[in-house]
Amino acid sequence: MAGQSVLTSQNEDFPKWYQDVVAKAEMADNGPVRGTMVIRPYGYAIWERMQSEIDSRIKATGAQNAYFPLFIPESYLHREAEHVEGFSPELAVVTHAGGEELAEPIVVRPTSETVIGEFMAKWIQSYRDLPLLLNQWANVVRWELRPRLFLRSSEFLWQEGHTAHASAEDASQYVMKIHVEVYHDFLETVLAVPTYLGIKPPSERFAGATNTMTCEAMMRDGKALQMATSHELGQNFAKAFDIFFQNEEGQAALCHTTSWGASTRLVGGLIMAHGDDNGLIVPPAVAPTQVVIIPVRDDEEVLQACQSLFVELSRERPSRIVVDKGRGSFGRRVTDWEIKGVPLRVEVGPRDLAQGLVTVVRRDTGEKFAVSHVEARTLIQGLLETIQNDMYASATSFRDARTVDVTTLAEAIEAAQSGFARLPWDRVGASGETRLNAEAITVRCLQRGDGTIPASDLEDGLVAIVAKSY
RNA sequence: CGGGAAGUAGCGCAGCUUGGUUAGCGCGCCUGGUUUGGGACCAGGAGGCCGCGGGUUCGAAUCCCGCCUUCCCGACCA
């Protein structure tokens with residue numbers, strides 16, 4: 001039976017592989033209404049760990065959590081011209097409630113710039129009230145034509161930050177801080193996913209923004225996925241919602257606002273950035289279960305050894321280690337835990353016990369270690385850190401190997417069949433974008449030559465990273 | 001909305017062309033037993049408005065008409 005695969009292989013059919021993993025790892029199910037998603041306990045546990053890591057980083061920048069309503073008056077959306085144009089096609093609108101037709105339709109929030117803008121206007125009086133730094137964890141609804149679990153669902157969970165500042169410089173600096181110290185740091189150190197940071201070309205900008213930044217990751221099929229975005233909104237929303245403040249000279253001035261978000265799409269990104277033909281590979285930092293102890297046989301001596309190992313290991317990482325006493329064959333249980341991507345597996349059987357050993361197996365590399373009961377504890381602690389680092393390193397080398405520098409659109413189109421292409425932005429232009437789009441390729445982001453984030457798409461010498469994307 | 005495919009048990013499918021007793025198979029599930037070092041096996045069992053509505057017929061999962069839904073491929077999005 002060895003080697004018989006439970007999942008469709010990535011090479012054979014990547015989208016099918018993704019669907020198989022999501023189902024068999026018990027991550028999520030389709031909801032009854034098209035495009036909706038049921039997040040199952042295992043998937044939600046991973047999301048909760050992501051939330052807590054992102055939330056603490058957001059708070060470290062000074063922002064506070066709040067909550068705004070799900071229902072937004074339709075008229076709010078119309079106040080910012082580009083915003084309404086961008087979102088109209090994907091709005092869910094409530095026209096009836098309480099058994100009657102509503103005088104004004106209510107939209108289910110696709111994002112909260114508008115309501116939050118309304119209240120910022122109310123709360124901000126003076127420059128002393130600035131910056132106003134808000135964040136909310138919420139669900140949002142965007143009616144999708146082609147939904148996929150986690151990646152594109154009609155309802156999804158996210159955090160959306162909204163801030164107001166006295167000056168463009170302050171807004172710009174703050175949003176840059178969020179982008180780098182919250183998103184990029186989280187992606188790198190927690191999800192172990194390397195990303196290209198850059199700004200979106202005007203064509204890909206958020207509806208109503210003056211500048212949009214992105215973190216672009218590469219999936220195992222070479223396609224790009226935007227893992228988080230941060231927007232400078234300039235004074236567009238401040239104008240639309242009258243977000244004024246009185247400056248030190250006593251004059252009325254318009255605020256500069258920002259918004260930034262990361263969603264349950266991150267879970268999809270995690271799956272596709274790290275998974276292999278045997279299933280998920282979850283980085284230790286977000287793994288709900290970091291270590292699973294599997295008794296090879298269902299006999300007293302083995303179970304006792306498992307239990308005592310469990311007690312020892314639990315001192316260091318309570319609740320993130322389990323003993324699988326489940327029924328079924330050894331092989332079956334091993335496979336099930338592999339699909340779920342648990343970073344470390346400890347096998348304990350009569351053969352191990354006879355030699356006073358246990359077998360520790362890494363999920364990411366498959367490497368096995370036979371160590372004594374006592375050594376296991378320190379080995380496991382070290383291995384979890386090693387796995388976290390190795391996963392980042394391996395994702396980085398995968399991405400780098402599939403990112404190529406080119407100089408023509410034709411070469412870029414060729415390269416984007418299997419990965420990312422980098423080419424001078426001035427070789428693309430509006431007509432270039434059209435040509436790329438015809439091949440289902442988009443400009444994912446613009447960077448400076450040294451890989452840093454430009455202040456604007458008008459800078460000289462920018463490099464465009466282009467790819468197919470989700 | 002344009003192009004393609006499919007609706008039969010929780011999931012995946014066969015049966016339909018050529019209508020005919022009680023609608024099958026694999027996985028999963030339940031009971032009991034033997035097992036367990038990479039998806040174990042045996043025996044027994046539960047589970048179906050055959051997508052919906054109409055029609056043809058002595059008789060429809062099967063033929064005819066209409067409708068609905070889902071999935072895949074193209075234009076938008078975290």
Side-chain angles (χ1 to χ4, degrees), chain A residues 1-8 13 15-16 19-20 23-24 29-30 32-35 37 85-91 109-112 138-148 150-161 183 200 203-207 212-217 224-231 259-269 278-279 294-299 302-303 324-339 345-355 357-359 361 366 368 370 434 437-440 442 469-470:
Chain A
M1 269 308 172
Q4 178 183 327
S5 67
V6 182
L7 308 167
T8 305
D13 185 344
K16 186 73 171 26
Q19 285 182 331
D20 284 358
K24 299 215 168 171
D29 257 331
N30 281 304
V33 172
R34 179 182 161 78
M37 161 169 72
E85 191 187 332
F87 279 107
S88 287
E90 38 186 354
L91 289 181
R109 67 176 161 226
T111 177
S112 303
N139 58 336
V140 284
V141 168
R142 297 179 188 179
W143 218 250
E144 292 294 348
L145 302 176
R146 280 189 58 201
R148 295 188 67 186
F150 291 116
L151 301 174
R152 212 186 298 105
S153 48
S154 288
E155 178 192 4
F156 58 88
L157 307 181
W158 74 348
Q159 90 16 245
E160 50 177 322
Y183 297 140
K200 288 289 183 185
S203 59
E204 303 279 331
R205 237 180 240 154
F206 177 74
T212 288
M213 288 187 284
T214 178
C215 300
E216 294 288 326
L225 184 70
Q226 175 173 293
M227 304 291 275
T229 52
S230 313
H231 316 289
S259 69
W260 25 279
S263 73
T264 37
R265 171 180 277 186
L266 287 169
V267 179
N278 294 322
I294 304 184
V296 172
R297 262 170 214 270
D298 191 12
D299 72 46
V302 169
L303 289 176
D324 181 1
K325 297 181 212 132
R327 298 142 307 160
S329 68
F330 171 76
R332 174 54 183 257
R333 284 175 287 152
V334 166
T335 310
D336 283 346
W337 287 106
E338 271 181 345
I339 291 173
R345 174 170 90 237
V346 183
E347 303 172 358
V348 182
R351 244 160 40 204
D352 300 299
L353 287 186
Q355 305 170 71
L357 301 174
V358 298
T359 304
V361 189
K368 294 190 180 187
T434 308
N437 293 351
E439 305 284 332
T442 49
S469 71
Y470 281 96

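Basis for what follows: all heavy atoms, side chains included, without hydrogens, waters or symmetry-related copies. In the text below, chain A, chain B and the rest are named by the order of the sequence lines, each starting its count at 1.
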Per-nt protein contacts along nucleotides 70-78 of chain B (heavy atom under 4.0 Å; B base, S backbone sugar-phosphate only, - none) come out as SSSSSB-BB
Do nucleotides 29-37 of chain B as a string where each nucleotide becomes B, S or -: B if the base has a protein heavy atom under 4.0 Å, S if just the sugar-phosphate does, - if no protein is that close. -------BB
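For the C1' atoms, the distance from B:U21 to B:A61 is 16 Å, rounded to whole Å. Remark: the separation of the C1' atoms in B:C50 and B:U62 is 10 Å, to the nearest Å. Nucleotides B:G7 and B:U17 are separated by 15 Å at their P atoms, to the nearest Å. Comparing the P positions of B:A5 and B:G19 gives an interatomic distance of 25 Å, to the nearest angstrom. Across B:C49 and B:A23, the matching C1' atoms stand 14 Å from one another, rounded to whole Å. Nucleotides B:A14 and B:A6 have their P atoms positioned 9 Å apart, rounded to a whole Å. B:A43 and B:G28 have their P atoms separated by 15 Å, with the value rounded to a whole Å. With P as the reference atom, B:A9 and B:G51 are 8 Å apart, rounded to whole Å.
Summarising the geometry, atom CG belonging to A:L7 is positioned 9.5 Å from atom OG1 belonging to A:T335; distances are rounded to the nearest 0.5 Å. Separating the CE atom in A:M37 from the CG atom in A:N30 is a distance of 9.5 Å, to the nearest 0.5 Å.
Evaluation of the side-chain hydrogen bond (donor to acceptor under 3.5 Å, both in side chains) rule for A:D299 yields no partner, not counting sequence neighbours. For the side-chain hydrogen bond (donor to acceptor under 3.5 Å, both in side chains) test, residues two or more places apart in sequence or in another chain that qualify with A:S259 are A:E113. Checked against salt bridge (Lys or Arg N to Asp or Glu O under 4.0 Å), A:E347 has the following partners two or more places apart in sequence or in another chain: A:R345. Partners of A:F87 according to the ring-ring contact (aromatic ring centres under 6.0 Å, His included) rule, which considers only residues two or more places apart in sequence or in another chain, are A:H83, A:F206. Considering only residues two or more places apart in sequence or on other chains, A:S154 meets the side-chain hydrogen bond (donor to acceptor under 3.5 Å, both in side chains) condition with none of them. With sequence neighbours excluded, the residues that form a side-chain hydrogen bond (donor to acceptor under 3.5 Å, both in side chains) with A:S203 are A:E433. Partners of A:W158 under the ring-ring contact (aromatic ring centres under 6.0 Å, His included) rule, at least two apart in sequence or in another chain, are A:F156. Partners of A:T442 by side-chain contact (heavy atoms from CB on, under 4.5 Å), not counting sequence neighbours, listed by chain and number: A:E204, A:N437, A:R444, A:S469.
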Pairing pattern in dot-bracket form [Watson-Crick, G-U; both distances under 3.5 Å; | = partner strand] for RNA chain B: (((((((..((((......[...)))).((((((.....)))))).....(((((..]....))))))))))))....
Tabulate below the donor-acceptor pairs under 3.5 Å that side-chain atoms of residues 141-148 of chain A make, not counting sequence neighbours, or state none.
{"residue": "A:R142", "atom": "NE", "partner": "A:P110", "partner atom": "O", "Å": "2.7"}
{"residue": "A:R142", "atom": "NH2", "partner": "A:P110", "partner atom": "O", "Å": "2.7"}

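Residue-level contact check: A:E160 touches neither bases nor backbone, having no heavy atom under 4.0 Å from any strand.
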